[in-house]
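A, B, ... follow the sequence lines: proteins, then strands. Residue 1 opens every chain.
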2 protein chains.
Amino acid sequence: MVAYTSEHPPIFVTVDLVILTLREGMFAVLLVERGGEPFRGRWALPGGFVHVDEDLVDAAYRELEEETGVGGDAVHLEQLATYGAPGRDPRSRVVSTAYLAVGADLPEVRGGSDAADARWWPVEEALGLDLAFDHRTILGDGVERARSKLEYTDLALRFVPARFTMPELQGVYEAVWGTALDPRNFARKVTRTEGFVRETGEERRGARGRPARLLEAAGARTLMPPMMRE
Amino acid sequence: MVAYTSEHPPIFVTVDLVILTLREGMFAVLLVERGGEPFRGRWALPGGFVHVDEDLVDAAYRELEEETGVGGDAVHLEQLATYGAPGRDPRSRVVSTAYLAVGADLPEVRGGSDAADARWWPVEEALGLDLAFDHRTILGDGVERARSKLEYTDLALRFVPARFTMPELQGVYEAVWGTALDPRNFARKVTRTEGFVRETGEERRGARGRPARLLEAAGARTLMPPMMRE
DNA sequence: GGAATAGTGTCTCTGAGACATTATCTG
DNA sequence: CAGATAATGTCTCAGAGACACTATTCC
């Protein structure tokens with residue numbers, strides 16, 4: 001490694017966020033409509049520049065809070081990948097580190113500091129949009145990461161509140177994977193996977209039908225054996 | 001996203017490489033001894049600055065070739081993660097995207113353009129070194145990525161030549177995972193995993209003992225069902 | 001023929017997948 | 001009591017893990 005000289009010109013660094021949640025049982029992602037050039041009027045992932053003295057993950061938390069109003073504790077955040085092709089931003093060389101955020105029932109949003117509009121999109125619809133920059137690729141990678149992490153980690157629990165029911169948890173898997181699962185096999189699998197969920201002893205009453213028992217996380221971060229995607 | 005102003009100062013971007021191979025059956029990583037400050041005399045991952053008009057992955061290929069003399073085709077390269085804590089480089093703000101490289105029996109190396117020395121280290125030893133920057137973290141992440149990708153992808157085949165024997169393949173798993181495997185169960189598993197390996201019809205003779213049949217890759221990139229790490 | 005290395009079969013157990021009925025609540 | 005929703009058990013099949021001997025070569 002050599003000393004810094006003009007041979008190694010600086011590069012702009014941004015973070016972009018793939019923020020996933022379940023809204024009314026639908027797998028959804030937050031997109032913002034661009035208010036300025038380039039790509040004015042096109043939908044994009046929320047994101048922004050990294051400050052000079054700011055860690056990448058802190059920049060991601062800051063953008064997350066700015067866009068959703070939700071603080072870091074309530075939301076799972078993990079690095080996805082870094083996208084750095086020259087020309088991905090027509091203005092200048094910009095390298096972007098993408099983060100995946102997952103939260104339970106994140107709030108409705110409208111507008112933003114520097115965006116014309118912002119709203120939740122059903123993930124399948126969002127994947128069909130012609131997004132700004134290389135955000136279609138990033139979104140696809142984020143969705144795939146979430147889908148595969150449902151298999152072998154407790155990521156599904158980030159899509160539901162601290163207390164949840166077995167049918168709600170099954171709904172997470174069904175919405176994110178886009179498949180139907182058998183409730184008998186699902187419940188058996190969840191129950192027998194050591195440390196995944198635990199009974200709270202309480203029930204959720206008041207709705208139609210038989211009351212559902214409330215569960216909570218039991219602490220395991222990785223699932224052995226994993227859940228099977230079909 | 002706003003326009004570029006002095007509010008968003010540029011940042012230096014580098015790539016670092018975790019280059020893994022098997023040398024005489026030992027799981028090994030390439031480290032370079034730093035010839036300049038900071039961290040002069042400490043061991044580090046090979047890496048360097050990204051050029052202004054160079055894609056990140058191209059910078060990684062370039063560094064790989066500079067350090068090992070091996071071109072891209074022979075080596076598997078994938079992005080690992082990006083490390084961007086302020087202060088990780090004492091000189092200025094540097095964000096580094098790390099890549100994982102895996103090749104079969106990569107050549108001996110000595111010295112380098114900008115390094116005092118370079119050599120292959122047994123991975124376990126390297127993990128015990130006090131590496132420069134945050135390279136201990138990066139190395140740990142790279143090794144864990146390789147270990148887990150042996151389970152569900154054909155990454156093991158990148159550690160061996162195009163034609164290889166069943167005991168050689170088993171040796172990859174044993175060296176990288178650091179565990180002993182049962183040859184009967186191993187061969188059954190490999191053989192029954194659709195598209196993993198195929199017989200070439202040839203044998204390797206000339207060594208002591210019964211000749212080993214030569215196998216080759218059969219094309220599958222992901223293994224279903226996965227190999228099991230103990 | 002001896003040393004070295006490659007190659008293989010069986011049994012048991014665990015977990016996945018297919019499948020329909022009963023239980024408990026609200027209105 | 002009707003409608004809605006939650007909860008659960010059995011059978012079959014596939015794959016993992018434990019385990020020891022035979023086959024083929026070189027010297």
Side-chain angles (χ1 to χ4, degrees), chain A residues 24-25 150-152 156 160-161 163-175 177 179-216 220 222-230, chain B residues 24-25 150-152 156 160-161 163-175 177 179-216 220 222-230:
Chain A
E24 291 155 31
L150 286 199
E151 296 183 30
Y152 61 93
V160 292
R163 291 170 171 220
F164 53 90
T165 68
M166 189 66 78
E168 281 169 356
L169 185 60
Q170 183 176 338
V172 171
Y173 280 88
E174 292 183 329
W177 284 347
T179 58
L181 298 172
D182 181 277
R184 292 160 291 189
N185 293 339
F186 182 82
R188 179 187 56 195
K189 193 66 175 55
V190 167
T191 306
R192 294 212 187 150
T193 297
E194 193 72 29
F196 190 13
V197 305
R198 169 172 49 215
E199 300 263 351
T200 63
E202 293 176 62
E203 295 184 327
R204 175 175 302 162
R205 314 178 83 87
R208 291 174 298 279
R210 177 171 173 173
R213 294 200 292 240
L214 285 167
L215 310 172
E216 62 187 359
T222 64
L223 305 184
M224 271 300 277
M227 305 290 292
M228 283 291 144
R229 195 186 331 187
E230 201 61 347
Chain B
E24 293 154 29
L150 286 198
E151 296 182 31
Y152 60 95
V160 293
R163 293 170 169 221
F164 53 90
T165 68
M166 189 64 79
E168 281 170 355
L169 186 59
Q170 182 176 339
V172 172
Y173 280 88
E174 292 182 328
W177 285 347
T179 57
L181 298 172
D182 181 278
R184 292 160 292 187
N185 293 339
F186 183 82
R188 179 186 58 195
K189 194 66 178 53
V190 167
T191 306
R192 293 210 187 152
T193 298
E194 195 72 27
F196 190 14
V197 305
R198 171 171 50 215
E199 300 263 349
T200 63
E202 294 177 63
E203 295 183 326
R204 173 174 302 164
R205 314 179 81 88
R208 291 174 298 279
R210 178 173 174 172
R213 296 200 292 239
L214 285 166
L215 310 173
E216 61 188 359
T222 63
L223 306 184
M224 270 299 279
M227 305 289 292
M228 284 290 144
R229 197 190 322 191
E230 200 61 349

d(CD, B:Gln170; P, D:dG17) in whole Å = 13 Å
Find out whether B:Thr191 and B:Met166 are in side-chain contact, i.e. whether some heavy atom of one side chain is under 4.5 Å from a heavy atom of the other.
-> yes
Rounded to whole angstrom units, what separation is found between the OH atom of B:Tyr173 and the P atom of D:dG17?
-> 13 Å
Per-nt protein contacts along nucleotides 19-27 of chain C (heavy atom under 4.0 Å; B base, S backbone sugar-phosphate only, - none) come out as BB--BBBS-
Please tell me if the side chains of A:Leu215 and A:Glu199 come closer than 4.5 Å, counting only heavy atoms from C-beta onward.
-> yes
In whole angstroms, how far is the C1' atom of C:dA16 from the CG atom of A:Leu223?
-> 16 Å
Nearest-0.5 Å distance, CD of residue A:Glu203 to CG of residue A:Leu214 = 8.0 Å
If you measure from CZ on B:Arg210 to CZ on B:Arg205, what distance do you get to the nearest 0.5 Å?
-> 11.0 Å
Figure out the CD/C1' separation between B:Glu194 and D:dA14, and round it to whole Å.
-> 15 Å
Mind checking whether A:Glu151 and B:Tyr152 have side chains closer than 4.5 Å, heavy atoms only?
-> no
Under 4.0 angstrom, heavy atoms only, what part of the nucleic acid is B:Ala187 near: base, sugar-phosphate, or nothing?
-> nothing
Expressed in angstrom and rounded to an integer, what is the separation of B:Phe186 atom CZ from D:dA18 atom P?
-> 16 Å
C:dT14 C1' sits how many Å from A:Met228 CE, rounded?
-> 13 Å
Nearest-angstrom distance from the residue atom CG of B:Leu181 to P of D:dA18 | 11 Å
A:Phe196/A:Lys189 under side-chain contact (heavy atoms from CB on, under 4.5 Å): CA gap, chis, key distance, verdict = CA-CA 10 Å; A:Phe196 190 13; A:Lys189 193 66 175 55; over 6 Å; no
Check if the side chain of B:Arg188 and the base of C:dG7 share a donor-acceptor pair of N or O atoms closer than 3.5 Å.
-> no
Contact under 4.0 Å: B:Lys189 side-chain N or O vs D:dG15 OP1/OP2 = no
Between atom CG in A:Leu215 and atom P in D:dA6, what is the gap in whole Å?
-> 12 Å
Interatomic spacing from CZ in A:Phe164 to CD in A:Gln170 - rounded to 0.5 Å = 13.0 Å
